[in-house]
Enquirer: 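Structure below; questions to follow.
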Protein chains: 2
Amino acid sequence: MSDLTAGRLSVYLRCLTTLEADGVKTISSGTLAERFHLNAAQIRKDLAYFGEFGVRGVGYYVADLKTHLRAILGLDQPVRVGIIGAGNLGRALADYPGFRKEGFVIVALFDTDPECVGRQSRKGVHILHTDEFKRMAKAGKINIAVVAVPGDAVAGVVDLVVKSGIRAVLNFSPGTIQVPPGVKLKNVDLTVSLESLSFFLARGGDD
Amino acid sequence: MSDLTAGRLSVYLRCLTTLEADGVKTISSGTLAERFHLNAAQIRKDLAYFGEFGVRGVGYYVADLKTHLRAILGLDQPVRVGIIGAGNLGRALADYPGFRKEGFVIVALFDTDPECVGRQSRKGVHILHTDEFKRMAKAGKINIAVVAVPGDAVAGVVDLVVKSGIRAVLNFSPGTIQVPPGVKLKNVDLTVSLESLSFFLARGGDD
DNA sequence: TTTTGTGAACTAGTTCACAGCT
DNA sequence: AGCTGTGAACTAGTTCACAAAA
């Protein structure tokens, strides 16, 4: 199963949440695709890979499919997130409402700056010293590490994260880092995102 | 030219900046690939599309290629960015050092909350009322719009942005929005990113 | 009749491998 | 000898189109 599929499952889950709030009980791939600008065949193929969730002639039961998707995405049990880097971005992520909404638990922020260690974010996420990270991860208190440190610190931090036994990392820091097999790294590179758009404008912007 | 290629060009540019700082004058695709965990053939193909920048038997001149890439990415002239949504995330993005480093100019933050309009971010980016956005965009003061508003506001904001003549949008808000042809929309969905990682862990995490 | 699930066809993207230039 | 630029081969991802099920 590809990375792109995983992302789409997450999108489908959000669509279903919207539909449920609207009181929709059952939805066909065609209607779902139309309403959320997706592709019906792709929805069916993505879902069919994990089981036969649909009913021919009817479609999918919203509540039922939602439960299945949450389980497939591992959201049927709490997912604990530790954020390394308590700068502006790290703290914004710690307080991001979208994470809590889907059941993620932000365990703590981690930083090395004595100025902010011991303090907490606006919404009350505690800032611990990065030295604490390994102990907490080893104790099974962190499932996913989010890295939001300056570029020159990222290599060391990712090394620490991997050595702590973490197997999923969401990285916001720049750089072409590598992780050992068995560890999943997802990069969100803000500069690259913005430069891609600049490229589009520079090209004439007609595609 | 695909979106993925544009992203890689941005990555190459950053690699070259690092190399230049290290005093490297010339680099082959093979060495570049090895050092930054990239693919040599892909680097050559990506670059060759825009011109014959390399010298056979030698490689690429770092400073020269960097200039070319900056021009291709439209970074040879200032790119002006307006950020709509002055919440935690919007303000963190406004102050993000990586943007300034590559020559982006953060024109202003925009929000509708009277509580924060008139104030400014830590680094001094002014927060204007969203009503001002259209005027500034029409006056050519904004090239790229960054959207970081709550999910229920995103449709209206993107509509405003498009009506203001903006042709490149970086969206951090959730939802499957659509823009007319000729407008480039890039989504950074934080919840989807995190859920993809959760999916990987739930699957057993061995790929 | 409606809609799923899925093989087959298609499209996009990556990597190989080597001719040709320096 | 070394390295680029590029056609050809390959791999991955998407969409089509339809048989089978409710």
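In what follows, every chain begins at residue 1, and chains take the letters A, B, ... in the order their sequences are listed.
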Enquirer: I want to check one thing: is the phosphate of dT4(D), taken as OP1 and OP2, less than 4.0 Å away from some side-chain N or O of Ser29(B)?
Expert: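 Result: yes.
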Enquirer: Evaluate the side-chain contact (heavy atoms from CB on, under 4.5 Å) criterion for residues Thr176(A) and Val11(B): first the C-alpha distance (whole Å), next the side-chain angles of each, then the deciding distance (0.1 Å), finally the verdict.
Expert: CA-CA 8 Å; Thr176(A) 56; Val11(B) 169; 3.8 Å; yes
Enquirer: Is it the case that over 12 heavy atoms from other parts of the model lie below 6.0 angstrom from the CD atom of Glu34(B)?
Expert: no
Enquirer: List in numerical order all residues of residues 63-74 of chain B for which some heavy atom is under 4.0 Å away from an atom belonging to DNA chain C.
Expert: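 The answer is none.
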Enquirer: Strictly below 4.0 Å: does Tyr60(A) bring a side-chain N or O up to OP1 or OP2 of dG5(C)?
Expert: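 Tyr60(A) to dG5(C) OP1/OP2: side-chain N or O found under 4.0 Å.
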Enquirer: Apply ring pair (Phe, Tyr, Trp, His ring centres under 6.0 Å) to Tyr60(B) and list each qualifying residue two or more places apart in sequence or on a separate chain.
Expert: none
Enquirer: Give the rounded distance in Å between these two atoms: CG of Asp3(A) and C1' of dG13(C).
Expert: 15 Å
Enquirer: Verify the contact: side-chain N or O of Tyr61(A) to OP1 or OP2 of dT3(C), cut-off strictly under 4.0 Å; return yes or no.
Expert: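 For Tyr61(A), the contact criterion (side-chain N or O under 4.0 Å from OP1 or OP2 of dT3(C)) is not met.
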Enquirer: For nucleotides 14-22 of chain C, just jot down a letter per nucleotide in 5' to 3' order: B, S or -, based on protein non-hydrogen atoms under 4.0 Å.
Expert: SBBB--BBS
Enquirer: Closer than 4.0 angstrom, basic N to acidic O: yes or no for Arg35(A) and Asp22(A)?
Expert: yes
Enquirer: Any carboxylate oxygen within less than 4.0 angstrom of a Lys/Arg side-chain nitrogen, looking at Arg8(B) and Asp46(B)?
Expert: yes
Enquirer: Before accepting this row, confirm whether a basic side-chain N of the pair Arg14(B)/Glu102(B) lies closer than 4.0 Å to the acidic partner's carboxylate O.
Expert: no
Enquirer: Could Lys163(B) and Asp159(B) be called an ion pair, given the rule that one side-chain N must be under 4.0 Å from one carboxylate O?
Expert: yes
Enquirer: Tell me which one of Val161(A), Ile166(A), Val79(A) satisfies side-chain contact (heavy atoms from CB on, under 4.5 Å) with Ile142(A).
Expert: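 Exactly one pass, corresponding to Ile166(A).
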Enquirer: Rounding to an integer number of Å, can you tell me how far Leu47(B) CG sits from dC3(D) P?
Expert: 16 Å
Enquirer: Expressed as a whole number of angstroms, how long is the span from Phe53(B):CZ to dT6(D):C1'?
Expert: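 Going from Phe53(B) (CZ) to dT6(D) (C1'), I get 16 Å.
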